[in-house]
Asker: 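For reference, the structure I am asking about is given below.
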Protein chains: 2
Amino acid sequence: MPKKYKLPAGTIRTTSLDVAALAGVSQSAVSRAFTPGASISPTTRDKVLDAARKLNYVPNSIASSLITHRSNIVALILGDLHNPFYTHVLEAFGREVQARDRQLLVFTLNDEQETDDAIMRLLRYQVDGVILTSAQMSTQMVGMCQNRGIPLVLFNRYIPQSGTFGVRCDNAWGGRQIAEAFLRAGAKSFAMITGDPKGTTSKDRVAGFVERLIESGVSRASIRSYEGDSTYEGASDAVQRMMADPEGLPDALFGINDTMAMGAMDTLRHQFGLSIPEDIMVAGFDDIPEGARLPYQLTTVRQPINRMVRATIDHLSLDGPAQSTDLPHDLPIRGRVVWRSTVPGDPPAEV
Amino acid sequence: MPKKYKLPAGTIRTTSLDVAALAGVSQSAVSRAFTPGASISPTTRDKVLDAARKLNYVPNSIASSLITHRSNIVALILGDLHNPFYTHVLEAFGREVQARDRQLLVFTLNDEQETDDAIMRLLRYQVDGVILTSAQMSTQMVGMCQNRGIPLVLFNRYIPQSGTFGVRCDNAWGGRQIAEAFLRAGAKSFAMITGDPKGTTSKDRVAGFVERLIESGVSRASIRSYEGDSTYEGASDAVQRMMADPEGLPDALFGINDTMAMGAMDTLRHQFGLSIPEDIMVAGFDDIPEGARLPYQLTTVRQPINRMVRATIDHLSLDGPAQSTDLPHDLPIRGRVVWRSTVPGDPPAEV
DNA sequence: CTGAAAGCGCTTACAG
DNA sequence: CTGAAAGCGCTTACAG
């Protein structure tokens, strides 16, 4: 019986029919043997599993997906791979998704406005859920996912009034803690190196930071801001601009993420010969392990990655029915301050 | 006409049949409109594409995969995510695979011996190819892939006599260059911080390094070796052991990868107050961007990632027939020395 | 260039 | 608990 559709030459393709023949059971029985909880006797199951082992049979999940409408694939859209924080995010999602017998289909974005394009591509793969860690997406694309019943969760960002659900660190709270730390250490003038001006993450950290300073009577004029592009190199450039500023050196510098704080520290020390925290105190945000290394010992805010990742995956409702849409559309999770040596003195109380 | 199989509630599922109905053509025509190179008139194609747009139709690649035996998915097995080198590898593979209209299904490994398990899982997804960057796999698993006609390429490792194809950096050559650089700078005693003792990468770099030193009359006794676990922290521990060694400080230290070289530098400087290269010269391997930062300025060997990634994907033969197996089973690609300031003096000639 | 029809490899009501 | 059969949404020979 010649196959009607061409297969790559020399390829052996063992199907449930082959296993059924060897085990002397129906094809349905083979399917049931591989379906947890299916109605099958232990005897039959063992016969099938034996035959499957002999034939090196592995069920074809493409075929089962077609009928179950579940691909067991979760799409992860990654923007900023160069920030080690996102390496840890990828690792955490990989671990959690694999623990649920799914796999990650990764979409790496080169340009900013590629998110919509990535969504169009992942729709073809019939993914069971989408995790978006990158830039903005259009409301049209949100609709494409919703129509198809594909759960979408934003990680560490939110799109107001889009009806999308977002899990994130409580960035404004974190910004406040850093402000408080600087104030207790006696700082009077401040600078920030900011990230993506369109992203909510950087904006919220800045907002919390500034808010707390203003509350404490600091004048807006003594809070400067430089764009750092979220990167080490961008922060280094921002420090050049800060140092060229006639205002002079601020007492305290807030890098909106650890990578930028590290870039700023290296530039302040090696290019301007300054000491930290003696000449200028520095703090970051994220608590990437690199910030704990000997040369940095960076005071920062820990993002509770594992809790954030689990909350994200829970919202995907990979098993069971979709989450009700009455839930709050934004779930900020509070981290904690990690006190190291780039800010002098003792940790202040939470504010 | 009620659907026989349950769909998640509130979900709209548009198929080629719906598009065909709206466009007034057959379902075959819809399929052809979305198949590049298919036999279809421009008029019909436009009618179909119009209807598809109105209905937000996206072809279901699960269904097409079932019949074409191509999932358009490439499996990438990643081990050491904490080494920034592999972040760049992931990014390069993502870029190249997406440029070929495929996506990466990522398998992150926590433990060492999970590779075989990952292979079993990816077989279900009917991937078009497998890229393995992690630890060893059994020859049985190699056979599983070969039987199914799934191309498998090892990235930066090889398994002798397994019949598997590997693309890698010419690690022995790189090790020789570092040895030569140290020798020209006047070093007489040497130490290495090594990586995974089972991996070929570390072994080959060590072998090339030692070989060149021996050639130049260096005695084996003046070449020490410490295990560094391929990590920053492992290298830091290795330096502790090296400094406790009664042999005293060597003239030159080779970190088998940049991450370890950086861990060693930080520990030598901040914990032992040593200067680099005045007290001890250091070199690494990989040329990760972090090694070029101000505090490190690390002399190293660049791995030609882009060439390696392209060679890997070419060997997958995603389009066209599978590669002949007469090809050499191991393709070492030569990098180049990146000369910075952790080794004194001028760059030596290649050896 | 076009349509009707078979079939990819499974899951799952249905009827024993 | 079990098997025969329908069907998931496509691609592709086949016959016009």
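In what follows, chains are A, B, ... by sequence order, proteins preceding strands, each numbered from 1. Keep in mind it's a predicted model, so treat the numbers as computed, not measured.
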Asker: Report the nucleotide, chosen from C/dG9, D/dC1, C/dG3, that has the shortest atom-to-atom distance to any side-chain atom of A/Asn60.
Answerer: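 When the side chain of A/Asn60 is considered, C/dG9 is the closest of C/dG9, D/dC1, C/dG3.
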Asker: As a test of your reading of the structure, name each stem of DNA chain C as range with range, where a stem is three or more consecutive Watson-Crick or G-U pairs at under 3.5 Å.
Answerer: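 Stem list for DNA chain C: C:1-3 with D:14-16, C:5-12 with D:5-12, C:14-16 with D:1-3.
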Asker: Can you measure B/Asp18 atom CG to D/dC10 atom P for me and round it to whole angstrom units?
Answerer: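 So the CG-P distance, B/Asp18 to D/dC10, works out to 9 Å.
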Asker: Without decimals, in angstroms, what is the distance between A/Gln126 CD and D/dC8 P?
Answerer: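 Going from A/Gln126 (CD) to D/dC8 (P), I get 14 Å.
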Asker: Can you tell me how far CZ of B/Arg121 sits from CD of B/Glu114, rounded to the nearest 0.5 angstrom?
Answerer: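 Answer rounded to 0.5 Å: 7.0 Å.
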Asker: Keeping the roles fixed (side chain from A/Gln98, backbone from B/Thr108), state whether a donor-acceptor pair exists under 3.5 Å.
Answerer: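 Yes.
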Asker: Give me the one residue out of A/Thr201, A/Asn156, A/Asp330 that meets side chain to side chain donor-acceptor pair (under 3.5 Å) with A/Arg168.
Answerer: A/Asp330
Asker: Assess whether side chain to side chain contact (heavy atoms under 4.5 Å, CB included) is satisfied between B/Ile131 and B/Leu316, documenting all intermediate values.
Answerer: CA-CA 9 Å; B/Ile131 301 162; B/Leu316 253 26; 3.9 Å; yes
Asker: Hey, which sits more toward the 5' end of DNA chain D by its nearest nucleotide, A/Thr43 or A/Gln27?
Answerer: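 Result of the comparison: A/Thr43.
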Asker: Once the angle between the rings of A/His82 and B/His88 is folded into 0 to 90°, is it parallel (under 30°), tilted (30 to 60°) or perpendicular (over 60°)?
Answerer: tilted
Asker: So what does A/Ser41 hit on the nucleic acid, given a heavy-atom distance under 4.0 Å: a base, only sugar-phosphate, or nothing?
Answerer: sugar-phosphate
Asker: Please work out if A/Tyr57 contacts a base, only the sugar-phosphate, or nothing of the nucleic acid, heavy-atom cut-off 4.0 Å.
Answerer: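 The residue A/Tyr57 makes sugar-phosphate contact but no base contact.
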Asker: Measure from the side-chain heavy atoms of B/Arg32 and tell me the nearest of C/dA4, C/dT11, D/dA4.
Answerer: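 Closest nucleotide among those given: C/dA4.
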Asker: How many Å lie between NE2 on A/His69 and P on D/dG9, as a whole number?
Answerer: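 Value for this atom pair: 5 Å.
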Asker: What distance do A/Ile305 atom CD1 and A/Ile333 atom CD1 have between them, rounded to the nearest 0.5 Å?
Answerer: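 It is 11.5 Å, given to the nearest 0.5 Å.
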Asker: If you look at every strand shown and take non-hydrogen atoms under 4.0 Å, does A/Thr44 touch a base, only sugar-phosphate, or nothing?
Answerer: sugar-phosphate
Asker: Rounded to whole Å, please give me the gap between CD1 in B/Ile67 and P in C/dG9.
Answerer: 9 Å
Asker: To the nearest angstrom, how far is A/Leu17 atom CG from C/dC8 atom P?
Answerer: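 Going from CG in A/Leu17 over to P in C/dC8 covers 9 Å.
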Asker: As a test of reading the structure: which of C/dT11, D/dC10, D/dC1 is closest to the side chain of B/Thr15, going by heavy atoms?
Answerer: D/dC10
Asker: Looking across every strand, which nucleic acid part, if any, lies under 4.0 Å from B/Ser61 by heavy atom: base, sugar-phosphate, or nothing?
Answerer: nothing
Asker: State the CG-CG distance between B/Leu104 and A/Leu105, to the nearest 0.5 angstrom.
Answerer: 8.0 Å
Asker: Take atom CD1 of A/Ile40 and atom P of C/dT12, then tell me their distance rounded to the nearest Å.
Answerer: 14 Å
Asker: For A/Asn72 and D/dC8, what is the distance between atoms CG and P respectively, to the nearest whole Å?
Answerer: 20 Å
Asker: Closer than 4.0 Å, any side-chain N/O of A/Ser28 to the OP1 or OP2 of D/dG3?
Answerer: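 Result: no.
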Asker: Check the phosphate of D/dC10 against B/Ser16, side-chain N and O only, distance under 4.0 Å to OP1 or OP2. Yes or no?
Answerer: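 Looking at the OP1 and OP2 atoms of D/dC10, one of them is under 4.0 Å from a side-chain N or O of B/Ser16.
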Asker: Rounding to an integer number of Å, can you tell me how far A/Leu66 CG sits from D/dA6 P?
Answerer: 17 Å
Asker: Between B/Ala63 and B/Arg45, which has a closest nucleotide on DNA chain C that is more 5'?
Answerer: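 First, find each residue's nearest nucleotide; the 5'-ward one identifies B/Arg45.
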Asker: Between the side chain of B/Arg102 and the main-chain N/O of B/Arg100, is any donor-acceptor distance below 3.5 Å?
Answerer: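 Yes; judged by distance alone, with no hydrogens or angles, the pair exists.
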Asker: Within the structure shown, what part of the strands sits under 4.0 Å from B/Ser39 by heavy-atom distance: base, sugar-phosphate, or nothing?
Answerer: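 It contacts base atoms.
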